[in-house]
There are 2 protein chains.
Amino acid sequence: MKPQKEIIREANEEKILQAAEMVFANYGFKGATTEKIANEAGLPKANLHYYFKTKSLLYRTVLEKILEEWMQAALVFDKYSEPSIAITHYVKSKMEFSRNRPFASKVWANEVIHGAGVVSEFLETTLTNWLNDRIEVINKWSKQRLINNVDPQAFFFMVWAMTQHYADFEKQIQILNKGKPYSDKDFDKKKEQVTALVLASVGLNT
Amino acid sequence: MKPQKEIIREANEEKILQAAEMVFANYGFKGATTEKIANEAGLPKANLHYYFKTKSLLYRTVLEKILEEWMQAALVFDKYSEPSIAITHYVKSKMEFSRNRPFASKVWANEVIHGAGVVSEFLETTLTNWLNDRIEVINKWSKQRLINNVDPQAFFFMVWAMTQHYADFEKQIQILNKGKPYSDKDFDKKKEQVTALVLASVGLNT
DNA sequence: GTCTATACGTTGATAGAC
DNA sequence: GTCTATCAACGTATAGAC
């Protein structure tokens, strides 16, 4: 059985991390204050600093959690060997991530826009390796004439950009949607449309 | 002939606006300090506040300039009536904007991610009108069987996301490109690839 | 129009009682 | 582990001499 203190610690850290993700997403690193995060987590600022010594450390911890989930979503690409099925599942997985974890997507976007100071190591190693392997898969499919002869890198950038756009530019999308946020049904339709566009872009019919 | 003071004013405002765009792009609104901007513009902080009373006003002025350019690039869509030509020119125009004005794109992305507090009015009026008109164009093309039957809104979001991705996620793209920024030649190739993907996505061949 | 010095608010972080 | 009080650093904005 876990000691009482450890249980408390884990619960509080979790509350803080969730609050931090939201506040960092909405205000950026500098714009986010430890006080806002603490309020959102429902505890005094001093407690936040007790659990996370510095704001910087808290930010890095938030990003680490996001990276784990990013990789988790990426695994879907390898689950199926048939191009249209693999791509469909991957796009849907990315769209669902945007829908369910919009703050995570925004924190990520923010971090990269401002120079990826924290995540550059991840980009240089894990993500580079992941992408290079998947580029080979796309090239293989092209050679087998299963899909159009596309630039694999441009293809992945397209999928990332399109799917993350629905999280990062949520506000713009909402305004252009007559001011109303997408309902679950709306979003499901967009998920289908995005998938159809991606499949067509490499020459696959739906 | 313009009075001397006016000439000085215009020159200094221009220097400040350019510096501000870069600093806002790289550090976000809160992360950008008036001192950094002033240094970048090559004048003391007090002068910056002489030309732009507050940081907020400076930020809004930067955004207004970006909006004008955004609309300018959007005009290209209407220059040609044939779908593949219109789309090709529009995508290329957006890609060139990302290439030539990466800071503008980043400031915009940042602003929208954090809730579009300043640009929401533009989104509600000008951009909504622009998009609604262009949606009709896409629908017309669909009905005439000139392009696939696609969701016009999803189509434009795709183009915006894909093209702006090359500016906003510049750093990530650079790292995934063996650490080297795209040369002009690299970028031209990507421009072609992006155009090909977009055309194919609506059923047009290249 | 330029610039140094400075006032004043905000915020990250800590001390120290409970 | 919790929380109030507090401080030092920073950053916006201005006063006032040139």
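So you know, we letter chains A, B, ... as the sequences are listed, proteins then strands, and number each from 1.
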Q.
Using a 4.0 Å cut-off on heavy atoms, which residues in residues 23-53 of chain B reach DNA chain C? List them by number, or say none.
A. B/K30, B/P44, B/A46, B/N47, B/Y50, B/Y51
Q | Passing candidate, ring pair (Phe, Tyr, Trp, His ring centres under 6.0 Å) with B/H165, options A/F156, A/F157, A/F169 | A | A/F157
Q. Is it true that B/D188 and B/K191 make a salt bridge, defined as a side-chain N closer than 4.0 Å to a carboxylate O?
A. yes
Q: Report yes if at least one side-chain N or O of A/K55 is closer than 4.0 Å to OP1 or OP2 of C/dG12; otherwise report no.
A: yes
Q. Are the charged groups of A/E170 and A/K106 less than 4.0 angstrom apart, N to O?
A. yes
Q | More than 12 heavy atoms from other groups under 6.0 Å of OH on A/Y27 | A | no
Q | Heavy-atom neighbours of A/E121 CD exceed 12 at 6.0 Å | A | no
Q) Near DNA chain C, under 4.0 Å by heavy atom, which residues of residues 8-16 of chain B? A) B/I8, B/R9, B/N12
Q: Check each of B/V137, B/V202, B/I138 against B/P152 using the side-chain contact (heavy atoms from CB on, under 4.5 Å) test, and report the only one that passes.
A: B/I138
Q.
Testing the 3.5 Å rule here: is there a donor-acceptor pair between the side chains of A/S183 and A/D186?
A. yes
Q | Cation-pi geometry met for B/K79 and B/Y90 (6.0 Å, 45°) | A | no
